[in-house]
> 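There's a structure below that I have some questions on.
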There are 2 protein chains.
Amino acid sequence: MSLTAANIAAKPKPAATEGNGCQRFNTMPGNGAQPKTNYCASCAAHDKALCSRLTGSDLAEFGSMSQHKTITAGQMLFSEYDDARYYYTVISGDVRLSRMLDDGRRQITGFKSTGDFIGLGTDGHFTADAEAINEVVVCQFTVPTLNQSLEEYSVVQGRLMEMMQEEVINLQNHMLLLGRKTPMEKIANFLVERAKKYSGVDLDGDAITEVDVKLPMSRTDVADFLGLTIETVSRTITKLRKNGVIALETAQHIVIKDIEELELIANGEA
Amino acid sequence: MSLTAANIAAKPKPAATEGNGCQRFNTMPGNGAQPKTNYCASCAAHDKALCSRLTGSDLAEFGSMSQHKTITAGQMLFSEYDDARYYYTVISGDVRLSRMLDDGRRQITGFKSTGDFIGLGTDGHFTADAEAINEVVVCQFTVPTLNQSLEEYSVVQGRLMEMMQEEVINLQNHMLLLGRKTPMEKIANFLVERAKKYSGVDLDGDAITEVDVKLPMSRTDVADFLGLTIETVSRTITKLRKNGVIALETAQHIVIKDIEELELIANGEA
DNA sequence: CCCAATATTTGATTAAAATCAATGCCTTAA
DNA sequence: TTAAGGCATTGATTTTAATCAAATATTGGG
């Protein structure tokens, strides 16, 4: 079983550079006497990642086939049309995936961070650009290696399937946003999503009204994710601020003052 | 291994009605003496479907676990939030998948026809409405049955993975369209896509300029797929017609007069 | 610490598509 | 054959967000 859809025709275009910043996974700094297993078991990404259901020696063996790689802010992990030689799990930092038109118009199709898998939606070549928003550490597997692991570890296979399902749901949600939501609804939706995924607070719990949201990406990135211009993004955030629904600590640090109201706005119910 | 992402929280809402129009797959009309295999081997959907890599007795056994079901135009196959009890392969006809906002705004996330799998993007519940555009025949599997088959037939598993990859690519393409393309580019893109998928003509071959495109869906559906209003859809089609890039046999039957030009327009290169 | 460069916000104007409104066309059933 | 209803098209107007333009804030380098 291969993750790659070999039957799909590939598009013509050159591949890009490769191989900077690599380091063997097993050369990670730390106590040399510690058993290998612990590197992965204590990994910040493990609980949410492809390997989340592996433990003990299976996890150790799976992990031994991976390498960590560090990418500095602004650097590309890969470009659209590149041969898909590696798949990645984000350990830390934020990655943006995007597609572009010839004249420079850009659509960001997703932001990936700790635990997220990068490699869905490939047909042998990557179908998007992947760029580091800040310093990013990824755990990379070669495509053949991962494909073999999928055969060997059915729990990895199952987890991948689950992640693909989540991804399809996310993309469908985002299509509804792009096609049918107003700028105000888009921004509210975006902030609520970030809050749910990254604040660490359980928003379903009662009496929670105030949530911190960090936005590592620029306004341009937000605009290109939501199908807006930066000016509209900025004006809309200002409007929410003036209404008291949010407050701005800095441009990149937003405090949601009323998450319930923001959710109503996000779903067109306000 | 289960296709369902059991860990994802399910949303609250009632399930819908079920069970009309069912018929046992093996009671299909035809020569009773024919071996079972042939029913699936000669199925119009087989080559593109989940079962495309199964042959002989495997195909027969896999097929024996399915049922055919006929849905009349306008009827729902399932609704958003319904328990996902079945997965489907479209045998014939056209299905639209959509998500709605409370005030009625709708985004169609895809049109499914012969060979397409319906059931991607579920978390135990369906995350979209599925409606028949015309009379539709589907081949349905219960979720547990299909999950078991995925274990048993690795080629089915592999084909599913491939189809999910294609789906993710499709959705990413459509996000670029929704977020960043002009109405003219959207319509051109839509027509080219339909032509590539359904005309049966190999468009990469040279000297092909004229292609028939049938649109089983209404202008409202097209609008809700492309994030436009029906008026804008209509006006844009009229403009293409006046420019001679397309011609209208009827509203539902469009002839692409210059596919190359239409592709340029679709990609913002014209 | 200050300056330059970049990012964000705000303001004015324009362009584009949505909305409101009406007409035309096609299908179907009496 | 004709009338009715639904769908599609066309036209007029309004609204919205994009564009154009400028000011303010933030960041990093010297």
Side-chain angles (χ1 to χ4, degrees), chain A residues 72-74 96 101 103-108 133-135 177-191 213-243 246-254 265 268, chain B residues 72-74 96 101 103-107 133-135 177-188 190-191 213-243 246-254 265 268:
Chain A
T72 58
R96 64 170 170 259
L101 292 171
D103 62 6
R105 278 175 289 170
R106 185 180 68 155
Q107 178 64 47
I108 290 177
I133 290 172
N134 37 35
E135 180 161 297
L177 176 148
L178 288 172
R180 288 299 181 218
K181 290 194 176 181
T182 64
M184 178 59 83
E185 290 163 356
K186 287 177 175 182
I187 294 288
N189 195 98
F190 176 66
L191 293 175
V213 177
K214 300 286 177 62
L215 302 179
M217 71 292 290
S218 68
R219 292 289 187 267
T220 302
D221 284 347
V222 175
D224 285 347
F225 186 51
L226 302 179
L228 299 171
T229 59
I230 47 171
E231 293 94 332
T232 299
V233 168
S234 190
R235 274 187 255 272
T236 306
I237 287 174
T238 299
K239 210 178 289 176
L240 283 170
R241 183 172 54 72
K242 288 189 173 161
N243 291 348
I246 65 170
L248 268 71
E249 210 69 46
T250 68
Q252 266 69 39
H253 179 188
I254 287 172
I265 295 171
Chain B
T72 58
R96 63 170 170 258
L101 292 170
D103 62 6
R105 279 175 288 169
R106 185 179 67 155
Q107 178 64 47
I133 289 172
N134 37 36
E135 180 162 297
L177 177 148
L178 288 171
R180 288 299 181 217
K181 290 194 176 181
T182 65
M184 178 58 83
E185 290 163 356
K186 288 176 174 181
I187 294 287
F190 176 66
L191 293 175
V213 177
K214 299 285 177 61
L215 302 178
M217 72 291 291
S218 68
R219 292 289 186 265
T220 302
D221 284 346
V222 175
D224 285 348
F225 185 51
L226 302 179
L228 299 171
T229 59
I230 47 170
E231 293 94 334
T232 298
V233 169
S234 191
R235 273 187 255 271
T236 305
I237 288 174
T238 298
K239 211 178 289 178
L240 282 170
R241 183 172 54 71
K242 288 190 173 162
N243 291 346
I246 64 169
L248 268 70
E249 210 69 45
T250 68
Q252 266 68 38
H253 178 188
I254 287 172
I265 295 171

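Chain identifiers are assigned alphabetically (A, B, ...) following the order of the sequence lines, protein sequences preceding nucleic acid strands; residue numbering begins at 1 within each chain.
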> Before you tell me yes or no, could you show the steps for A:Leu248 and A:Ile246 under side chain to side chain contact (heavy atoms under 4.5 Å, CB included), namely the whole-Å CA-CA distance, both residues' side-chain angles and the distance that decides it to 0.1 Å?
CA-CA 7 Å; A:Leu248 268 71; A:Ile246 65 170; 3.9 Å; yes

> How many angstroms lie between atom NZ of B:Lys214 and atom OG1 of B:Thr250, to the nearest 0.5 angstrom?
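Separation between the atoms: 8.5 Å.
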
> Decide side chain to side chain contact (heavy atoms under 4.5 Å, CB included) for A:Gln107 and A:Leu178; before the verdict, give the C-alpha distance in whole Å, the side-chain angles of both, and the deciding distance to 0.1 Å.
CA-CA 10 Å; A:Gln107 178 64 47; A:Leu178 288 172; 3.9 Å; yes

> Between A:Met217 and A:Phe190, which heavy-atom pair has the shortest distance, and what is it?
SD-CZ, 3.9 Å

> Please give, in whole Å, the distance from D:dT10 P to B:Lys239 NZ?
12 Å

> Could you list all the salt bridge (Lys or Arg N to Asp or Glu O under 4.0 Å) pairs where at least one residue sits in residues 219-230 of chain A, not counting sequence neighbours?
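Applying salt bridge (Lys or Arg N to Asp or Glu O under 4.0 Å) to every pair that reaches into residues 219-230 of chain A, excluding sequence neighbours, yields A:Arg96-A:Asp221, A:Arg106-A:Asp221, A:Arg106-A:Asp224, A:Asp224-B:Arg180.
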
> I need the CZ-C1' distance between B:Arg180 and D:dA18, as an integer number of Å.
10 Å

> Thinking salt bridges, do B:Glu185 and A:Arg105 make one under a 4.0 Å N-O criterion?
yes

> For the CG atom of A:Leu177 and the CZ atom of A:Phe225, what is their distance to the nearest 0.5 Å?
7.5 Å

> Please report the end-to-end axis angle for the helix from C:dC1-D:dG30 to C:dA30-D:dT1, five pairs per end, rounded to 10 degrees.
40°

> Between P on D:dA17 and CD1 on A:Ile187, what's the gap in Å once rounded to a whole number?
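The answer, rounded to whole Å, is 11 Å.
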
> How close do A:Leu191 and A:Val213 get, heavy atom to heavy atom, and via which atoms?
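Closest pair (atom of A:Leu191, atom of A:Val213, distance): O-CG2, 4.1 Å.
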
> Whole Å only: how far is the NZ atom of B:Lys181 from the C1' atom of C:dA16?
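Nearest whole value for this atom pair: 19 Å.
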
> In residues 213-229 of chain A, what residues come within less than 4.0 Å of DNA chain C, judged by heavy atoms?
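Residues of residues 213-229 of chain A that come under 4.0 Å of DNA chain C are, in numerical order, A:Ser218, A:Arg219.
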
> Below 3.5 Å between N/O atoms, which protein atoms pair up with nucleotides 10-13 of chain C? Just atom names and distances, please.
| from | atom 1 | to | atom 2 | distance (Å) |
| --- | --- | --- | --- | --- |
| C:dT10 | OP1 | A:Arg241 | NH2 | 3.4 |
| C:dT10 | OP2 | A:Thr238 | OG1 | 2.3 |
| C:dG11 | N7 | A:Arg235 | NH1 | 2.7 |
| C:dG11 | O6 | A:Arg235 | NH2 | 3.2 |
| C:dA12 | N6 | A:Arg235 | NH2 | 3.4 |

> Rounded to the Å, how far apart are A:His253 NE2 and D:dT26 P?
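Distance, rounded to whole Å: 15 Å.
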
> Give a yes/no answer on whether the side chain of A:Gln252 brings an N or O atom under 4.0 Å of OP1 or OP2 in C:dT8.
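Yes, within the criterion.
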
> Nearest whole angstrom, please: distance from the P of C:dA17 to the CD of B:Glu185.
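For the pair B:Glu185 CD and C:dA17 P, the rounded distance is 10 Å.
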
> On a heavy-atom basis, which atom in B:Ala73 and which in B:Ile133 lie closest, and how many Å separate them?
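What the structure gives for the nearest pair is CB-O, 3.7 Å.
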
> Between A:Asn189 and A:Lys181, is the side chain to side chain contact (heavy atoms under 4.5 Å, CB included) condition met? List the steps.
CA-CA 9 Å; A:Asn189 195 98; A:Lys181 290 194 176 181; 2.8 Å; yes

> Any donor and acceptor pair, going by atom type alone, linking the side chain of A:Lys186 with main-chain N or O of A:Leu226 inside 3.5 Å?
yes

> Please report, to 0.1 Å, the donor-acceptor pairs under 3.5 Å made by any side chain of residues 232-242 of chain A, with sequence neighbours excluded.
| from | atom 1 | to | atom 2 | distance (Å) |
| --- | --- | --- | --- | --- |
| A:Thr232 | OG1 | A:Thr229 | OG1 | 3.1 |
| A:Thr236 | OG1 | A:Thr232 | O | 2.6 |
| A:Thr238 | OG1 | A:Ser234 | O | 2.9 |

> Could you tell me the separation between the CD1 atom of A:Ile265 and the OG1 atom of A:Thr182, rounded to the nearest 0.5 Å?
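Nearest 0.5 Å value for the CD1-OG1 distance: 9.0 Å.
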
> Give every pair of a protein N or O atom and an N or O atom of nucleotides 22-27 of chain C that lie under 3.5 Å apart, one pair per line with the distance.
none

